[in-house]
Enquirer: 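The structure follows.
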Amino acid sequence: AAQPATTGGAPADSNTILLGEVGSLTGAQATFGVSTRNGIDLAIKEANAAGGVKGKKIAVRVYDNQSKPEEAAQATTRLITQDKVVLILGEVASSNSLAMAEKAQSAGVPMITPSSTNPSVTEKGDYIFRVCFIDPFQGFVMAKFARENLKAEQVAILQDNKSAYSIGLTDVFQRKFTEMGGKITTLESYSQGDTDFRAQLTAIKKTKPQAIYVPGYYNDVGIIARQARELGLTVPLMGGDGWDSEKLFELAGNALDGSYFSNHYSPENPEPRVQKFIADYKAAYGSVPDAMAALGYDAAKVAIAALEKAKDLSGPAIRDAIGQTKDFPGVAGTITLDKNRNAVKSAAILKIGDGKTQFVTTINP
Ligand code: PHE
C-alpha cells in the first residue's frame, strides 16, 4: 500500500504535546478530511495562542488515508508506534473509524472521532470516544420527519452496501419508519464508487414511493440524484450527514432541490459562539464551515480541555479526563459524553433549494 502523506505537525520534544490525526484528505470523500483538518487546525492555533496545554505547545501529526479503511488502520499504527502520539483525532466515515478504533483500543491510546455516527465505533472499547450523536438517533430523526412533516406513507431506500454508516442508518430508518406506520416499498443497494444507479432507480420508480431515503456519501448521492431526475423520479430524496459537502451541489446541480437531510449543525444558528467560529473559519480558510469542520473543531477542543485536566499525559489519565466531558460548549451543540462515550445531542434537518441548504427544524433526543 502507498505510504500515507503527512502534513503539519512537529517532532515530539519536551516542549510539545504531539497529537495524531487521520483523515480522508484525498480520494472519494476528500472534503470530509479537508474540512475536519481545517476545524482541528483552527482549534489548535487558538489553544497555542492562549498558551498551550500544561505549559507546552500542541502539534498535530496528520496522515491522509485516501478515504480507505486499510490506510486508516496503517496510519493509526504509525501514529502509535513511530510518532508516539498521546491522543488520536479521526476519522469521519464510520468504516474508517472502525479500522482505526481497533488499533487505538489495543494500544491504549485515546481516540476521539469528531463525526463517525455508527454505534459500533465507540463499542470498540473504553479508549474510543465521539463528540457527535449516533445513527440510531439520526435514523429516527429522518423517519419521524418523513412521517410527520412530509406525511410520507411509502418510502424506498437506496443504501451503500460497502459502508457501515449506510447499512446502520438503513436499519434504523426502516425499523422506525415502519413502527410509525409507514411502509418501505423496496430496499435497493449499490457499492460506493459505482457510477450507474439506473437499474436500482428504475426498480424504485416502479414501487411509487413518496420519497427515497439515500443514506450515502455526497460523492455518490450527487450522481444518484441526477440519474433519479433523468428517469423521471421527482419525489424528494432524504439523507443523513453524509450528504454534507459543497461538492454535493457541483455533482447534483438542481437535482436535489426540495430534498432533505439530517445534520449536526446549521451555519444559520445565531448563537454568538457559533457565529464567531464561522467568521474565524471563513477568515482562515475562505469558506463557510460544514458539519465536519464544526465537529473537527469541537473534537480538538474537547481533547485540549481533557489534556489540560488529565493528571498526566498517560493513556489512562487522558482517557479518564475525556470521559468526564460534561456540558462542553461546542459549536455543533453542547457535549456531554454518556457512559458509552457518545455525545447526546440534537439534530438539524436541512432543506436543499437553489444549490444551498436551509435550516428547517431541530429534533431533540
Ligand atoms: N456520520 C458519517 C459516518 O459515520 C460521516 C459524516 C459525518 C459525514 C458528518 C458527513 C458529516 O460515516
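Positions are given from 1, in the same order as the sequence printed here. We count ligands from 1, going down the list as the structure has it; atoms in each ligand are counted the same way.
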Enquirer: Of the choices Tyr165, Phe261, Trp243, which has the non-hydrogen atom that lies closest to atom 3 (C) of ligand 1?
Expert: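 The nearest heavy atom belongs to Tyr165.
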Enquirer: Ile58 vs Asn48, test: side chain to side chain contact (heavy atoms under 4.5 Å, CB included). Steps then yes/no.
Expert: CA-CA 7 Å; Ile58 306 164; Asn48 282 337; 3.8 Å; yes
Enquirer: Side chains of Tyr285 and Asp41: donor-acceptor distance under 3.5 Å anywhere?
Expert: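 Side-chain D/A pair, Tyr285 to Asp41: present.
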Enquirer: Does any N or O atom in Thr117 lie less than 3.5 angstrom from one in ligand 1, N or O only?
Expert: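 Looking only at distances, the answer is yes, because the N/O contact criterion of under 3.5 Å is met.
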Enquirer: Given Val92, Leu295, Leu98, Asp290, identify the one with the heavy atom nearest to atom 5 (C) of ligand 1.
Expert: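 Closest candidate by heavy-atom distance is Val92.
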Enquirer: Do the non-hydrogen side-chain atoms of Met238 and Val155 ever get within less than 4.5 Å of each other?
Expert: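 Yes, side chains in contact.
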Enquirer: Within ligand 1, which atoms have a heavy atom of Ser115 less than 4.0 Å away?
Expert: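 What qualifies from ligand 1 is 1 (N), 2 (C), 4 (O), 5 (C), 6 (C), 7 (C), 9 (C).
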Enquirer: In ligand 1, which numbered atoms sit nearer than 4.0 Å to a non-hydrogen atom of Phe32?
Expert: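 In order of number, 8 (C), 10 (C).
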Enquirer: Would you say His264 touches ligand 1, if touching means a heavy atom closer than 4.0 Å?
Expert: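 Yes, His264 has a heavy atom closer than 4.0 Å to ligand 1.
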Enquirer: Which of these passes side chain to side chain contact (heavy atoms under 4.5 Å, CB included) with Phe129: Leu337, Asn342, Val121, Val302?
Expert: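 Going through the options one by one, the only one that passes is Leu337.
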Enquirer: Short N/O distance, under 3.5 Å, between Tyr217 and ligand 1?
Expert: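 For ligand 1, there is an N or O atom that lies under 3.5 Å from one belonging to Tyr217.
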Enquirer: Considering both backbone and side-chain atoms of Asp241, is one of its nitrogen or oxygen atoms within less than 3.5 Å of a nitrogen or oxygen in ligand 1?
Expert: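 Among all N and O atoms of Asp241, at least one is under 3.5 Å from an N or O of ligand 1.
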Enquirer: Do Tyr217 and Asp160 pair up side chain to side chain, a donor and an acceptor below 3.5 Å, judged on atom types alone?
Expert: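 The answer is no; no qualifying pair exists.
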Enquirer: Does any N or O atom in Ser94 lie less than 3.5 angstrom from one in ligand 1, N or O only?
Expert: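 The answer is yes, given that Ser94 and ligand 1 share an N or O pair closer than 3.5 Å.
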Enquirer: Would you call the rings of Tyr297 and Phe277 parallel, tilted or perpendicular, where under 30° means parallel and over 60° means perpendicular?
Expert: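 Tilted.
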Enquirer: For ligand 1, which atoms, with element, lie under 4.0 Å from some heavy atom of Gly242?
Expert: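 Selected atoms, number and element: 8 (C), 10 (C).
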Enquirer: Under the salt bridge (charged side-chain N to carboxylate O under 4.0 Å, His left out) definition, can you give me all pairs with a residue in residues 135-145, not counting sequence neighbours?
Expert: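 Listed once each, the pairs are Lys144-Glu148.
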